[in-house]
There are 2 protein chains.
Amino acid sequence: MPSNETRDTVLDVAQELLQTRGFNAFSFHDVAERVKIKTASIHYYFPTKIDLCLALIARQRDEVKAALDRIDAEVHEPTKKLARYVTLFRSTLEMGNRMCLCGMLAADFETLDPLVAEKLRLSFEDHEIWLKRVFMEGKRIGKLDFAGSPRNEARLLLSCLEGAMLVARTFEDLSRFDSSARSLLSRLRPRPNP
Amino acid sequence: MPSNETRDTVLDVAQELLQTRGFNAFSFHDVAERVKIKTASIHYYFPTKIDLCLALIARQRDEVKAALDRIDAEVHEPTKKLARYVTLFRSTLEMGNRMCLCGMLAADFETLDPLVAEKLRLSFEDHEIWLKRVFMEGKRIGKLDFAGSPRNEARLLLSCLEGAMLVARTFEDLSRFDSSARSLLSRLRPRPNP
DNA sequence: GTCTATAAGATGATAGAC
DNA sequence: GTCTATCATCTTATAGAC
C-alpha cells in the first residue's frame with residue numbers, strides 16, 4: 001500500500017477546512033500553513049484545487065464504504081444499524097463542529113466543477129443504497145415501520161441528518177442534533193399490534 | 001416608506017447570489033455586473049460585505065414574519081399551516097435551485113462575522129417559535145400527533161426541510177424535496193382511535 | 001519532493017472627481 | 001449617487017533551482 005505522509009496530511013487538513021469553511025473559503029495557503037509546507041508543494045500532489053477536491057471525495061467514499069461494511073459485520077438488527085449510522089454523522093459534528101463533507105459540497109453545489117458535482121451525487125447515492133437495503137430488510141422482518149418506499153425513507157433520513165447537522169452547527173449545540181436524530185429513529189419503531 | 005430602487009436591486013441580486021453560491025463565492029463585482037453599476041456604488045449603500053449580509057438577513061426576517069402572519073390569517077387548521085409553511089421552502093428551491101438563505105449561511109457559519117452569526121440564529125429561532133406554536137395548538141386540538149415536545153418537533157421539521165433542500169439541490173430534483181416533505185407531514189397525522 | 005520567485009487575475013475597500 | 005482610479009491583499013497556478 002502506497003503510503004505518502006505529506007499527501008495524507010494535506011488531505012486531512014484540506015478536509016477539515018472544507019468541512020468547516022466550505023470549498024470557496026479555504027485556500028492553498030491555509031492548507032500549506034497548517035501542514036508547514038509551501039503552496040507549491042501542494043500543487044505537486046494536486047495540480048488544481050479541483051483535483052484536491054476529487055481526491056477528498058474519493059477517499060471519503062472509501063471510508064464511508066468501509067464504515068458501512070463494518071456496521072453490517074458487527075450488528076444485524078436494522079434498528080441498531082441505523083443507530084450506528086447516525087453516530088457517523090454525530091462524530092463528525094463532534095470533531096470541531098464539522099459539517100458532513102457531502103453536505104458542505106451540496107451547499108457549494110453551484111460553484112462546483114461538473115465532475116465534482118457528479119462524484120458528489122454518487123457519494124449521496126452510496127448512502128441511499130445502503131440505507132434502502134436496511135429499510136427493506138427492516139420492513140421485511142417487522143423491525144421497522146414506515147409508510148413510503150424504502151428508497152424514499154432512505155432519502156428522507158439522509159436529508160434530515162444533513163439538515164440536523166447544518167442547524168446544530170449554527171447553534172454549536174450537539175443536543176439539537178441528538179434530539180432530532182432520536183425522533184427520526186423512534187418514529188420508525190413498529191407499534192405493538194392491537 | 002423610503003423606496004430606493006438601486007439599493008433594493010442590489011439586495012435582490014446579492015440575495016440570489018448568496019442563496020445559490022454562498023457568502024464566500026460571490027463578489028461585489030458579481031453583483032455590480034448584474035445590477036449594471038460599479039462596485040463603488042455598492043459600497044455607497046453597504047460599506048462592507050458584512051453590512052450587505054446583515055441587510056439581507058434583516059430584510060429576510062421581515063419577509064418571513066409577513067409570510068407567517070399571512071398563513072395565520074388565511075388558514076387555521078394546523079395541518080394546513082404546516083403545508084403552507086413547506087411551500088415557502090419549496091418555492092425557494094423552484095426559484096433557480098436556490099438554497100434557503102439561512103441554510104446557506106449555516107453552511108458558511110465558520111466564516112461569518114459574529115454579528116451575522118447571531119442574527120442567523122435569531123432567524124432560525126423566528127421559524128422555531130412560530131412552528132412551536134403551531135405544534136402546540138395542533139396537539140391541543142388533536143389535529144397533530146407527535147411524541148416529543150412541540151419545541152423539538154419544531155426544530156426537527158425545520159432541520160429536515162433545510163436538509164431536504166440541500167440534497168434536492170444537488171440532484172436538481174424537486175421531487176426529492178416533495179417526497180421528503182410529504183413524509184414529514186404525513187407522519188404528524190393522528191391515527192383514528194381504536 | 002520541496003523550495004523561491006513570480007505571474008495574472010480577483011477581491012474588498014477607499015479617495016476624490018463629477 | 002455614481003463614477004474613475006487606485007490600493008493592498010489574496011488566490012490559483014507555473015517555472016525552474018536545489
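We name chains A, B, ... by the order of the sequence lines, and we start the count at 1 in each one.
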Inset, instruction - Give a yes/no answer on whether the side chain of B/Tyr44 brings an N or O atom under 4.0 Å of OP1 or OP2 in D/dT2. - result: no

Inset, instruction - Determine: side-chain N/O of A/Ser41 to OP1/OP2 of C/dG1, distance under 4.0 Å, yes or no. - result: no

Legend entry - Side-chain donor-acceptor pair present, A/Ser27, A/Asp30, cut-off under 3.5 Å: yes

Inset, instruction - Establish, with yes or no, whether the OP1 or OP2 oxygen of C/dT11 is under 4.0 angstrom from a side-chain nitrogen or oxygen of B/Thr39. - result: no

Inset, instruction - Describe the nucleic acid contact of A/Phe26 in one word from base, sugar-phosphate, nothing, applying a heavy-atom distance below 4.0 Å. - result: sugar-phosphate

Inset, instruction - Take atom CD1 of B/Ile37 and atom C1' of C/dC18, then tell me their distance rounded to the nearest Å. - result: 17 Å

Inset, instruction - In plain terms, say whether B/Lys65 and B/Asp69 are close enough for a salt bridge, that is, a side-chain N and a carboxylate O under 4.0 Å apart. - result: yes

Legend entry - Phosphate OP1/OP2 of C/dT2: any A/Thr6 side-chain N/O under 4.0 Å: yes

Legend entry - Base C/dA13 to side chain B/His43, donor-acceptor N/O within 3.5 Å cut-off: yes

Inset, instruction - Answer yes when B/Glu118 and B/Arg121 have at least one side-chain N-carboxylate O distance shorter than 4.0 Å, and no when they do not. - result: no

Inset, instruction - Rounded to the nearest angstrom, tell me the gap between atom CG in A/Asp8 and atom P in C/dG1. - result: 12 Å

Legend entry - Nearest to side-chain heavy atoms of A/Tyr45, which nucleotide of C/dT2, C/dT11, C/dA13: C/dT2

Inset, instruction - Report the distance from atom CD of A/Glu33 to atom P of D/dT12, rounded to the nearest whole Å. - result: 13 Å

Inset, instruction - Whole angstrom is fine here: how far is it from NE2 in A/His29 over to P in D/dA13? - result: 16 Å

Legend entry - Spacing of B/Asp30 atom CG relative to C/dG9 atom P, expressed in whole Å: 17 Å

Inset, instruction - In whole angstrom, give the distance that lies between atom NZ of B/Lys38 and atom C1' of C/dC18. - result: 16 Å

Inset, instruction - Can you tell me the distance, in whole Å, between the CG atom of A/Asp113 and the P atom of D/dT12? - result: 15 Å

Legend entry - Contact under 4.0 Å: A/Asn24 side-chain N or O vs D/dT11 OP1/OP2: no

Legend entry - All side-chain contact (heavy atoms from CB on, under 4.5 Å) counterparts of A/Gln60, not counting sequence neighbours: A/Gln15, A/Glu63, A/Val64, A/Leu101

Legend entry - Carboxylate-amine/guanidinium contact B/Arg59 B/Asp12, below 4.0 Å: yes

Legend entry - Nearest-Å distance for atom pair CZ/C1', residues A/Phe28 and C/dA8: 16 Å

Inset, instruction - Tell me whether the OP1 or OP2 atom of D/dT12 has a side-chain N or O from A/Lys49 closer than 4.0 Å. - result: yes

